[in-house]
Number of protein chains: 4
Amino acid sequence: MTITPPALSVFETLESEVRSYCRSWPAVFDRAQGSHMYDEDGHTYLDFFAGAGSLNYGHNNPVLKRALIDYIERDGVTHGLDMATTAKRAFLETFQNVILRPRDLPYKVMFPGPTGTNAVESALKLARKVKGRESVVSFTNAFHGMSLGSLAVTGNAFKRAGAGVPLVHGTPMPFDNYFDGQVPDFLWFERLLEDQGSGLNKPAAVIVETVQGEGGINVARAEWLRALQDLCHRQDMLLIVDDIQMGCGRTGAFFSFEEAGIQPDIVTLSKSISGYGLPMSLCLFKPELDVWEPGEHNGTFRGNNPAFVTAAAALNAYWADGQMEKQTLARGEMVERALLAIADENAGAGVSFRGRGLVWGIEFTDKNRATAVCRRAFELGMLLETSGPESEVVKLLPALTISADELDEGLRTLARAVRETA
Amino acid sequence: MTITPPALSVFETLESEVRSYCRSWPAVFDRAQGSHMYDEDGHTYLDFFAGAGSLNYGHNNPVLKRALIDYIERDGVTHGLDMATTAKRAFLETFQNVILRPRDLPYKVMFPGPTGTNAVESALKLARKVKGRESVVSFTNAFHGMSLGSLAVTGNAFKRAGAGVPLVHGTPMPFDNYFDGQVPDFLWFERLLEDQGSGLNKPAAVIVETVQGEGGINVARAEWLRALQDLCHRQDMLLIVDDIQMGCGRTGAFFSFEEAGIQPDIVTLSKSISGYGLPMSLCLFKPELDVWEPGEHNGTFRGNNPAFVTAAAALNAYWADGQMEKQTLARGEMVERALLAIADENAGAGVSFRGRGLVWGIEFTDKNRATAVCRRAFELGMLLETSGPESEVVKLLPALTISADELDEGLRTLARAVRETA
Amino acid sequence: MTITPPALSVFETLESEVRSYCRSWPAVFDRAQGSHMYDEDGHTYLDFFAGAGSLNYGHNNPVLKRALIDYIERDGVTHGLDMATTAKRAFLETFQNVILRPRDLPYKVMFPGPTGTNAVESALKLARKVKGRESVVSFTNAFHGMSLGSLAVTGNAFKRAGAGVPLVHGTPMPFDNYFDGQVPDFLWFERLLEDQGSGLNKPAAVIVETVQGEGGINVARAEWLRALQDLCHRQDMLLIVDDIQMGCGRTGAFFSFEEAGIQPDIVTLSKSISGYGLPMSLCLFKPELDVWEPGEHNGTFRGNNPAFVTAAAALNAYWADGQMEKQTLARGEMVERALLAIADENAGAGVSFRGRGLVWGIEFTDKNRATAVCRRAFELGMLLETSGPESEVVKLLPALTISADELDEGLRTLARAVRETA
Amino acid sequence: MTITPPALSVFETLESEVRSYCRSWPAVFDRAQGSHMYDEDGHTYLDFFAGAGSLNYGHNNPVLKRALIDYIERDGVTHGLDMATTAKRAFLETFQNVILRPRDLPYKVMFPGPTGTNAVESALKLARKVKGRESVVSFTNAFHGMSLGSLAVTGNAFKRAGAGVPLVHGTPMPFDNYFDGQVPDFLWFERLLEDQGSGLNKPAAVIVETVQGEGGINVARAEWLRALQDLCHRQDMLLIVDDIQMGCGRTGAFFSFEEAGIQPDIVTLSKSISGYGLPMSLCLFKPELDVWEPGEHNGTFRGNNPAFVTAAAALNAYWADGQMEKQTLARGEMVERALLAIADENAGAGVSFRGRGLVWGIEFTDKNRATAVCRRAFELGMLLETSGPESEVVKLLPALTISADELDEGLRTLARAVRETA
């Protein structure tokens, strides 16, 4: 495939230097459907990034699209603040019936503003209010968002430096397997909590991702998550699972923590919850934590009703039975086999991989290799991104609705890109 | 009009106690068009709140609706992170040609995530990075958002208490007319800056709204804004105008600061920028301030392309000539006359009013009166909200596209609600 | 007087660059008695600085010296942590009988460590603990100390910059007469407290000096102090008077706030409390505020027993009757007359003065003049220092025990130094 | 020994509840000499606490006493701010000749105010200024002082809670042997520093005690200290050794870090530096770090000249040759043998001990036992204190000048107290 240099001029002259993905993928995208994006020059790209996990059901999923257009056509309420609307009610009832009840989850639902970082900010506020303490523990290589509260519990030094003020009230602890099994889980964390002379400010809460997507596809084991929940219970800390990227079926089950059998006190959802890539987020919490005063946290776009419509449609279409979960796990096995083959083929070149469901990472000992692989994949018509603190991991995040053929094609392109960057 | 108690059950049982507007307006809204909303029981409401300023062109504006449906129908990119897309290019070119160039504004454009508070967070980060200082000055009764960085420069004590951590690095100064002209403008602020013993941490920036919407419809005079800009220049502080609620034509001109003839260093826009009530926000700044590293601030929904489509359509439809501005000023004069009449009619009852363009506030000496007026207006089929630190001000925020008849009807209903709550 | 360049070598080579007074007064001092210091080259200096207010009874006061030597000779406890000792008991009983009871002051006494900043740190801790709030209000040009808590409520920008971390939880308010009577007292402060949208974090306490010594000899009027106390009572804030420099008789009465007839909730004392220049400090507070847990604040040198001995001796010698207060006020009148004459003599040259008791300041429109006056005074054999944010004020702080002749001599030298720097 | 209930009334009625040691030792002390204290009822106490390490040369050491009285008798300058004085020069020259030069230590000397916490505050300020970063790493169970800056790097939860504001900018790391050798030294700390996604704010400095006195007599191994110094060098962090309690010969050598062969960037000294229990402290640092501006940090009592006199006398008397170090190590071996015997005698009762030089701790599995032992020791006429986060360690801190007989007597009393509290 030959790619003509795209006409990026207005992006280069008018848009801020802060832009990033458009630098890795120098194309002007126009249309998208399912697992494919199309640029204005007629090139097609197989999307293994899926809006950083916001497009679990693919681009412009036809089922949701129908519901969305119908709603817009009939002049359904678009902007609803936190007014009661029929669209919001339909979403709430669907969420309760399809997601919460079958899983015996007792959560109350808060609409904290339509972005992930808003959900995290509201979760942190609530935990601090409930416990009357400021401190929150996060984990190495965590990513929770760019506003000041979320950034303080995010690990990446480059993002943190952007704050312009010292980030305080957060303390990092080692994520699962941070020391390759060399150190017992929670040895450090628990000892600090038990020792009245440790100097750790007693935390209101712990915030964790079950799989760290931005941090390098680091997968927490189920037993580690259960031990973390136990520690939280013993030490009177709330457990917040940030399921923004890993929830909505990315790892198989709807919530990524289901496999571990835990029940977090607070859960954040965003990215794929609307199903169509529309801004929406939720903060879920146990009813006894619902100590908010009316309006104590708010946000102009917390009632993005078109997103409620596609969200309800997605839940009904994909989660009324267990098919989606099964398919994701099956697709995940395809990925695992392909990555094993790639690792075998590149034995000696320092290639390793890990993942769950449809989120996988390939790490290279040569830290620049991951970027090279993604660049080559782009030339081959495929969208792939890196993650990890030094962009040393190639991240696979295809739509859950990807077909077996598309997945196979992408994995073959990946293998080729790895081979050709050796 | 008789209103049957609505079936609010799932809102009451499942949604968090944090919900607020649905308590003032106990109806389940279903459809909306222009300046009217319709509940599921067939009642019609004249909307004088306009999504807290997010619906300057009315609900589901047909021009924008057409463009939006066309875009969705043709599978235009929905979720684009910060990739280059044809929809984003069209927006950028339109914004440049219709808004920036005719006003000789040299701004670079950043998409910081689709909510107002994200725009404010990015503005504060940038100012701190540019100046290498942490402190920011805000004003009494300012409102800038609910995430931790924005909340620290927001005045409302109830909202601030929700933070759960001490809010620092912000210092409030008196907004225009805070002392009814009793004290020279900026006497306190300038003295603190000049006195090396004052104890004020030297600010990186000053953040200001030209009209404080949430704070009680407090209107800054043009000369005050100019003097503030001069002070910022003399004292090496950046001037940030938060135009999230007052921009996009609310006060007449596209930017609310145009009338004063100032050119802020950084401007935030959100609410009505998409035109259709879809989540979108912008952070604008002078090119010499564009010191961001690629990806130093990001956000999953910063490329909400359907919003770019409606935003471009709105700019083309309403801002290619000066009609919208003229009409808003004319409608504003209608409002002013009506409020004058209300004040006259209630002479002796402590009624005052103020405003600009199509944002107005009526204040009552009896602080509970404003809530009573809004409640009565709702019974009369009209959506009106209060603002101010003690909800003591009735806030008028109709769509800019409201017809003269609708406006007249609303003002008459308002007059009746005032009369009937005496 | 001719001054040979002193042998400063070890000071220059070994002592840190942070040293300061030794730069203004390039002499190596050896002995001191009453209001005179003697350098090793045989020069005599009339001391109008008195250890920055630590030597109210003059250098090596013979009455205290006798008690001190007796105590050391008989092997009285020197270092007592916070053990009960006979010396501490004698001090406590004397302080109660001579100072607290005759003034009807109900204070509990805390020994917080022997320096002023330790007393301030303990006062701030206690206020925050009692009120459960972090914020404290201080005043423009306040000086409370160099450790992190005290520095956050100190005004001087140069000192603040030394912190190396952003100084937070303190907000400055205008000290008395900050606007030359142009603005009603407490207009800004009270409005911020009353306005629920002001953005001011509700303060636990207000900390104030009745005369700002380091800040430029700014004298608060008695009615201003009373109004401040009223404001604190109305707004549920504790009133802390930092009497470290102005207490122990500097302004006439033992406590500088007695004249105003107020009763602060918390009072800090240090500098002249030991009487002999030995490190000692006290934190006094109303009994209902004594919510400390045993050992919650401590300090190695809080039981500096030789200081307790000289402190008790000073109280018995100078405060058992009202002579000291009368004499100080009389001496103050002498100073005032002299300064009036200097101002008259320099009419047109921008000379003003202010003070109370035996603390006075002369300010020059030409801000460099004060330093020049002090330098000239040193050449003339007199120790004088500047104060104020730009060292623009000559500060007169003679021992309270200075004789009328010595005072007269010093004032004549001062007049000459002013004259000779015109 | 029978102890009559002492007359504590004025302590109970007038002194604050914050008092602590006087509760453990209900006696009113009057005189003291060498290793003995005498109460007003004629009881004698063998002092194994030595002013919490401030009396390394015993109470009222006759050599220093002579120098002190002579200085006072001849009216030497008592209070000297930071003026050059003959007493300060004598101290500086002695410190240079007796301490710094023979050890090839290039330090500049700062007088930061006469208490330990002032020295720590100045050390932290300087490190932050030099490196331009806010964060400082401290260790579990560290104790550095009670003012806000020092408290933030102190471990004890009870002391920290007294701050009344969240303590930030400090992060605790595991002290040597925190995990009984189970985890490689610095595994966690180094990994956080190397991982750009760890979330640790890059520290300006690390502050450490070589033996944690308040924290439970935790002894760092020489190789651990060397590895810490290496880590600081590799990671561009300053190494601050807080030698306030362990310096001045407590562990044998003058500086406690000499044995490890390291050269910290900054060292704090206080407690025994004056030798006589008089308030004095020093902050030492490498010359290239001396970036202070004149007066950037100050303090009223930083020129406590009587302390300079006794300090110089102590250095000349005890450190001009190596006798003191040898004797301390020999005495330490006596203590070690006695503790071994106590541990043997109580085998099975969970008794362990550790220490260096003349600082030792005995820990009991039964955490209340340590307090019981100290109480019984007091009844037997001996002053002993506990340390550790739960007061679970009996701390032995006799004067370095204790005679072999006195030491033997104390160790026998200790053994008896242990026996009698079984």
Side-chain angles (χ1 to χ4, degrees), chain A residues 10-11 14-22 28-33 40 51-52 54-55 60 69 72 75 77-79 81-86 89 92-93 96 108-110 113-116 121 125 128-129 134 146-149 162 164-165 169 277 279 290 292 294-297 300-301 304, chain B residues 10-11 14-22 28-33 40 51-52 54-55 60 69 72 75 77-79 81-86 89 92-93 96 108-110 113-116 121 125 128-129 134 146-149 162 164-165 169 277 279 290 292 294-297 300-301 304:
Chain A
V10 77
F11 302 111
L14 187 59
E15 198 179 346
S16 163
E17 293 299 325
V18 81
R19 68 193 188 280
S20 61
Y21 289 117
C22 58
V28 178
F29 296 94
D30 183 50
R31 285 180 313 112
Q33 226 308 306
E40 62 177 352
S54 298
L55 295 163
N60 299 329
I69 290 181
I72 298 172
D75 282 337
V77 170
T78 297
H79 184 282
L81 290 158
D82 71 347
M83 291 185 254
T85 64
T86 49
R89 184 172 56 203
L92 282 171
E93 288 174 351
Q96 188 167 45
K108 296 291 287 285
V109 177
M110 173 186 182
T115 66
E121 294 267 346
K125 279 185 180 180
R128 285 164 169 151
K129 180 172 182 176
E134 296 88 7
M146 288 292 105
S147 52
L148 212 55
V165 297
H169 307 308
D290 193 10
W292 289 112
E296 195 173 359
H297 180 96
T300 293
F301 294 114
N304 185 18
Chain B
V10 77
F11 303 110
L14 188 59
E15 200 180 345
S16 163
E17 294 299 325
V18 80
R19 68 193 188 279
S20 62
Y21 288 117
C22 58
V28 178
F29 297 94
D30 183 50
R31 286 181 312 112
Q33 226 307 307
E40 62 177 351
S54 299
L55 295 163
N60 299 328
I69 290 180
I72 297 171
D75 283 335
V77 171
T78 297
H79 183 282
L81 291 158
D82 70 349
M83 292 185 255
T85 63
T86 48
R89 184 172 56 203
L92 283 171
E93 287 174 352
Q96 188 168 45
K108 296 292 286 285
V109 177
M110 173 186 181
T115 66
E121 294 266 348
K125 279 185 181 181
R128 285 164 170 152
K129 180 172 181 175
E134 296 89 6
M146 287 292 104
S147 51
L148 212 54
V165 297
H169 307 306
D290 192 9
W292 289 112
E296 195 173 0
H297 181 96
T300 293
F301 295 114
N304 185 18

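Keep in mind that the numbers below use all heavy atoms, side chains included, and drop hydrogens, waters and symmetry copies. To find a chain, count down the sequence lines: A is the first, B the second, and so on, and within it residues start at 1.
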- request: Find the one option among B:D290, B:T115, B:L92 whose heavy-atom pairs under 4.5 Å with chain A are most numerous.
  value: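 Heavy-atom pair counts peak at B:D290.
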query: Taking every heavy-atom pair that is under 4.5 Å apart, which of B:V77, B:L81, B:V165, B:V18 has the most such pairs with chain A?
result: B:V18
query: Taking only residues two or more places apart in sequence, or in another chain, which ones meet B:D75 in a side-chain contact (heavy atoms from CB on, under 4.5 Å)?
result: A:Q33, A:N60, A:K65
query: Checking A:H169 against chain B: side chain, backbone, both or neither under 4.5 Å from a heavy atom?
result: side chain
message: Can you tell me which portion of A:E121 sits under 4.5 Å from chain B's heavy atoms? Options are side chain, backbone, both or neither.
response: side chain
query: Is any side-chain heavy atom of B:E93 less than 4.5 Å from a side-chain heavy atom of A:L14?
result: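 Result no, sub-4.5 Å side-chain heavy-atom pair not found.
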- prompt: What are the two closest heavy atoms between B:S20 and A:P294, and how far apart are they?
  reply: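 Closest heavy-atom pair between B:S20 and A:P294: CB-C, 4.2 Å.
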Chain B contacts, top residue of [options] (heavy-atom pairs, under 4.5 Å):
options                       : value
A:S147, A:G113, A:G149        : A:S147
A:D30, A:I72, A:T85           : A:D30
A:E134, A:R128, A:E15, A:M110 : A:E15
A:G116, A:A52, A:G295, A:P114 : A:G295

Approximate separation, where rounding is to 0.5 Å, of B:W292 CH2 and A:E17 CD: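 Result: 12.5 Å between the selected atoms.
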- prompt: For B:L55, is it the side chain, the backbone, both, or neither that has a heavy atom closer than 4.5 Å to a heavy atom of chain A?
  reply: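 For B:L55, the side chain is the part near chain A, not the backbone.
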- request: Could you tell me which portion of B:N304 (side chain, backbone, both or neither) has an atom closer than 4.5 angstrom to a non-hydrogen atom of chain A?
  value: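 Only the side chain of B:N304 comes within 4.5 Å of chain A.
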query: Is there a side-chain contact (heavy atoms from CB on, under 4.5 Å) between B:F11 and B:V28 once you walk through the steps?
result: CA-CA 10 Å; B:F11 303 110; B:V28 178; 4.1 Å; yes
field: Electrostatic pair A:E296-A:K129, nearest N-O below 4.0 angstrom
entry: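 So A:E296 pairs with A:K129 through a salt bridge.
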message: Tell me whether A:E40 is salt-bridged to B:R89, with the criterion being a basic N under 4.0 Å from an acidic carboxylate O.
response: yes
